Amino acid sequence: QVQVVESGGGLVQPGESLRLSCAASGSFTVINLMAWYRQASGNRRDLVARIQSNGKTTIADSLWGRFTISRDVAKNTAYLQMDRLKPDDTAVYYCHVNAYYPTTGSQDYWGQGTQVTVSS
């Protein structure tokens, strides 16, 4: 079982930066990947970035150069650095964790989300 907790959201003005944190805790053999998704009001939940257990990262094409995902393996924590934020970045940001267990295989877990609002 894995608990996923996001933090770091808030209200910022266009051009400013935020760094989100996603902390995973619980009992598991290995975390296969951690990822960030976002969902604007009334829209689908879309992939923002993900980082695999081998360190390979993926960033949504439209966000490349502004958003960066990283991890602290010892803390089972992933970070999303968001720079030069735009009003269109306003959304609830969710952390997704895929973890492996010997008896059940891979399982998916989601955090409760953290609100990011970019407005002047």
Side-chain angles (χ1 to χ4, degrees):
Q1 194 74 7
V2 176
Q3 182 180 13
V4 181
V5 180
E6 306 101 330
S7 62
L11 174 64
V12 297
Q13 297 186 34
E16 296 183 343
S17 298
L18 281 175
R19 184 157 105 154
L20 307 182
S21 298
C22 172
S25 61
S27 180
F28 46 80
T29 301
V30 64
I31 293 178
N32 294 319
L33 64 87
M34 303 181 75
W36 288 96
Y37 290 73
R38 70 183 185 183
Q39 184 172 18
S41 181
N43 291 67
R44 302 272 296 189
R45 186 175 298 185
D46 297 323
L47 176 68
V48 174
R50 64 172 176 259
I51 184 165
Q52 302 176 26
S53 59
N54 63 4
K56 184 178 180 180
T57 62
T58 300
I59 305 292
D61 289 343
S62 63
L63 303 177
W64 196 93
R66 294 196 300 119
F67 285 26
T68 304
I69 189 169
S70 61
R71 66 176 181 177
D72 185 327
V73 176
K75 296 181 179 179
N76 292 316
T77 299
Y79 305 95
L80 182 68
Q81 178 68 40
M82 305 183 295
D83 297 324
R84 304 189 303 279
L85 284 162
K86 305 174 181 179
D88 194 49
D89 295 320
T90 296
V92 177
Y93 285 71
Y94 296 91
C95 183
H96 166 244
V97 175
N98 181 265
Y100 175 81
Y101 303 89
T103 56
T104 59
S106 296
Q107 300 290 327
D108 293 306
Y109 301 90
W110 292 88
Q112 79 288 349
T114 184
Q115 176 72 48
V116 172
T117 302
V118 185
S119 177
S120 60

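Small disclaimer: the values here were computed from a predicted structure and weren't measured.
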Quiz: residues 54-62 side-chain donor-acceptor pairs under 3.5 angstrom, not counting sequence neighbours:
| from | atom 1 | to | atom 2 | distance (Å) |
| --- | --- | --- | --- | --- |
| Asn54 | OD1 | Lys56 | N | 3.0 |

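Summarising the geometry of Asp89 relative to Tyr93, their closest heavy-atom pair is O-OH, 2.7 Å, with the distance given to 0.1 Å. Closest non-hydrogen pair, Gln115 versus Thr90, comes out as NE2-CG2, 4.0 Å. The two residues Ala24 and Val97 make their nearest non-hydrogen contact at CB-CG2, 4.3 Å. Scanning all heavy atoms of the two residues, the minimum distance from Ala78 to Trp36 falls at O-CZ2, 4.0 Å.
If you check the side chains of Ser17 and Asp83, you find a donor sitting under 3.5 Å from an acceptor.
Residue Arg71 places its CZ atom among more than 12 non-hydrogen atoms of other residues, nucleotides or ligands, all under 6.0 Å distant. Heavy-atom contacts from other residues, nucleotides or ligands closer than 6.0 Å to CD of Gln39 number more than 12. The number of heavy-atom neighbours closer than 6.0 Å to CG of Asn43, taken from other residues, nucleotides and ligands shown, is above 12.
Judged by a 6.0 Å distance limit and a 45° cone about the ring axis, Arg45 is not positioned over the six-membered ring of Tyr37.
Using a 30° and 60° split on the angle between ring planes, Trp110 and Tyr94 fall in the perpendicular class, above 60°.
The backbone N or O of Gly113 sits less than 3.5 Å from a side-chain atom of Glu6, completing a donor-acceptor pair.
Residues Cys22 and Val4 have side chains in contact (heavy-atom distance under 4.5 Å, counting atoms from C-beta outward).
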